[in-house]
Amino acid sequence: MGTNHLSRLSLDGQVAVVTGGGGGIGRGVALALASAGAAVVIGDIEPVRCEETVAAITANGGHAVGVPTDVMEVAQVGALIGAADQQFGRLDILVNNAGGVVSKPFLEQSERSWRRHIEINLVSMLAATSSAAPLMISGGRGGSIVNISSIEGTRAAPSFAVYAACKAGMISFTKSMALELSEHGIRVNCIAPDHTATPGSRGQVRGPVDESAWPAVAPDVQSAMDRLIPLQREGFVDECGDAAVYLCSRMASYVTGVTLPVDGGTSASNGWVRGRNGRWTLNEGLPLT
Ligand SMILES: NC(=O)c1ccc[n+]([C@@H]2O[C@H](COP(=O)([O-])OP(=O)(O)OC[C@H]3O[C@@H](n4cnc5c(N)ncnc54)[C@H](O)[C@@H]3O)[C@@H](O)[C@H]2O)c1
């Protein structure tokens, strides 16, 4: 065991694949892994976003390639994983980040919509894991898989029921894979973000990302965050990036099968909120004895 903690965060010489790495949390994770020394393969459905993240990494002296990929197409996911091997000769890290959600009460949701939720959030992770793990095993150096779940994977989520079920499924799959892949030195963990500032959460689902067009957080939204999120703000994509670097690094060498909330304390609060008078209250007004 080295004693230099910064060196134990280094990912020098490693190769990572990040799905949905062109924007939002995936981009934050890709930039963080690259700044820790990994070469990164960006798999995003939007070619312009792939190019933009690759440009940001290479401008910073890092190594990256973009492989436009629809994670709902299993063959394309296989090609994305294969590209890591072809371009960089190895694969150490897989981040299953691409996902999606629409808000609708379950009884108003179509079968097509359930199936799309399952394809993009769950099947994409299965496809990437099934391609990536054999490559990590044959490399003989172990590896790290990080699945981007959500706080919705551990609580009820009315109007997001199928999404929440998929995110819970990601947490469950993470635990099973942590055991199945442990003998190969492959660690499998989850990150569970709460509300995070991303193109998707700002309505920029497709095309180039233009953060300058994002409106400032509205006062009523900020006031709700002040009361509902213990750290009183939304999260930033770099904060998921930092968590991913930790989970992929030697600093987390004995950490597998866990779900790390990156949520400003929301999951811990479990119903406790700041009341309008600024004092903590349970479920906004339930009388406390
Ligand atoms: N933003 C949040 O508040 C939040 C909270 C909890 C969990 N999450 C999870 O984090 C992940 C990323 O969310 P985000 O907010 O950064 O999303 P986003 O929409 O801002 O970015 C998603 C990226 O994935 C790409 N993408 C979309 N569909 C794709 C597909 N079929 N194949 C490949 N790439 C595709 C998009 O082009 C985009 O670059 C998702 O799994 C989401 O469920 C987000």
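Remember, predicted model here, so these are calculated numbers, not experimental data. By convention here, the first residue in the shown sequence is residue 1. First listed ligand is number 1; within each ligand, the first listed atom is number 1.
Residues V237 and I229 fall into different hydrophobic clusters, defined by Ile, Leu, Val, Met, Phe, Trp and Tyr side chains chained together at heavy-atom separations under 4.5 Å.
From the protein, the heavy atom lying nearest to atom 21 (O) of ligand 1 is G23 O, 3.8 Å. At the top of the distance list for atom 15 (O) of ligand 1, counting protein heavy atoms only, stands T198 OG1, 2.7 Å. Atom 6 (C) of ligand 1 has as its closest protein heavy atom P193 O, 3.3 Å. When only non-hydrogen protein atoms are considered, atom 24 (O) of ligand 1 lies nearest to G20 CA, 3.4 Å. Looking only at heavy atoms of the protein, atom 26 (N) of ligand 1 is closest to I45 CG2, 3.7 Å. Taking atom 33 (C) of ligand 1 as the reference point, the nearest protein heavy-atom neighbour is T69 O, 3.1 Å. Taking atom 42 (C) of ligand 1 as the reference point, the nearest protein heavy-atom neighbour is Y163 OH, 3.6 Å. Nearest protein neighbour of atom 5 (C) of ligand 1, counting heavy atoms only, is D194 O, 3.5 Å.
Judged purely by atom type and a 3.5 angstrom limit, S176 has no side-chain atom pairing as donor or acceptor with the backbone of F173. Using a distance-only test at 3.5 Å, with no hydrogens or angles considered, no donor-acceptor pair links the side chain of D92 to the main chain of A16.
In this structure, V237 falls outside the shell of residues with a heavy atom less than 4.0 angstrom from ligand 1.
Using a 4.0 Å cut-off to heavy atoms of H195, the atoms of ligand 1 that qualify are 3 (O). Short contacts between ligand 1 and R49, defined as distances under 4.0 Å to a heavy atom of the residue, involve ligand atoms 36 (C), 37 (O), 38 (C), 39 (O). Interface atoms of ligand 1 facing E46, defined by a heavy-atom separation under 4.0 Å, are 37 (O). If you number the atoms of ligand 1 from 1 as listed, the ones under 4.0 Å from a heavy atom of G200 come out as 18 (P), 19 (O), 20 (O). Near G22, with a cut-off below 4.0 Å to any heavy atom, the atoms of ligand 1 are 39 (O). Within ligand 1, the atoms closer than 4.0 Å to a non-hydrogen atom of S149 are 7 (C), 9 (C), numbered from 1 in the order shown. Within ligand 1, counting atoms from 1 as listed, the ones closer than 4.0 Å to a heavy atom of D70 are 30 (C), 31 (N), 32 (N). Distances below 4.0 Å separate heavy atoms of P199 from the following atoms of ligand 1: 20 (O).
For atom 44 (C) of ligand 1, the choice among I25, V71, T196 with the nearest heavy atom turns out to be I25. The heavy atom nearest to atom 25 (C) of ligand 1, considering only V48, I120, T19, D44, is found in D44.
Contacts of N97 with ligand 1, taken as heavy-atom pairs under 4.0 Å, involve both backbone and side chain. With a 4.0 Å cut-off on non-hydrogen atoms, K167 touches ligand 1 through its side chain and not its backbone.
Distance check, rounded to the nearest 0.5 Å: OG of S267 to CZ of R155 gives 8.5 Å. For the atom pair L181 CG and M136 CE, the distance stands at 9.0 Å (nearest 0.5 Å). Note that SG of C248 is 11.0 Å distant from CG of L9, once rounded to the nearest 0.5 Å.
Pairing each heavy atom of V102 with each of S113, the nearest pair is CG2-OG, 4.1 Å. Taking every heavy atom of both residues into account, A132 and L94 meet most closely at CB-CD2, 3.8 Å. Smallest separation of non-hydrogen atoms from I148 and K167: O-NZ, 3.0 Å. Residue Q204 comes nearest to A213 through the heavy atom pair NE2-CB, 4.0 Å, listed as atom of the first residue, atom of the second, then distance. Taking both residues in full, the closest heavy atoms of A98 and V71 are given as CB-CG2, 3.8 Å, listed atom of the first, atom of the second, then distance.
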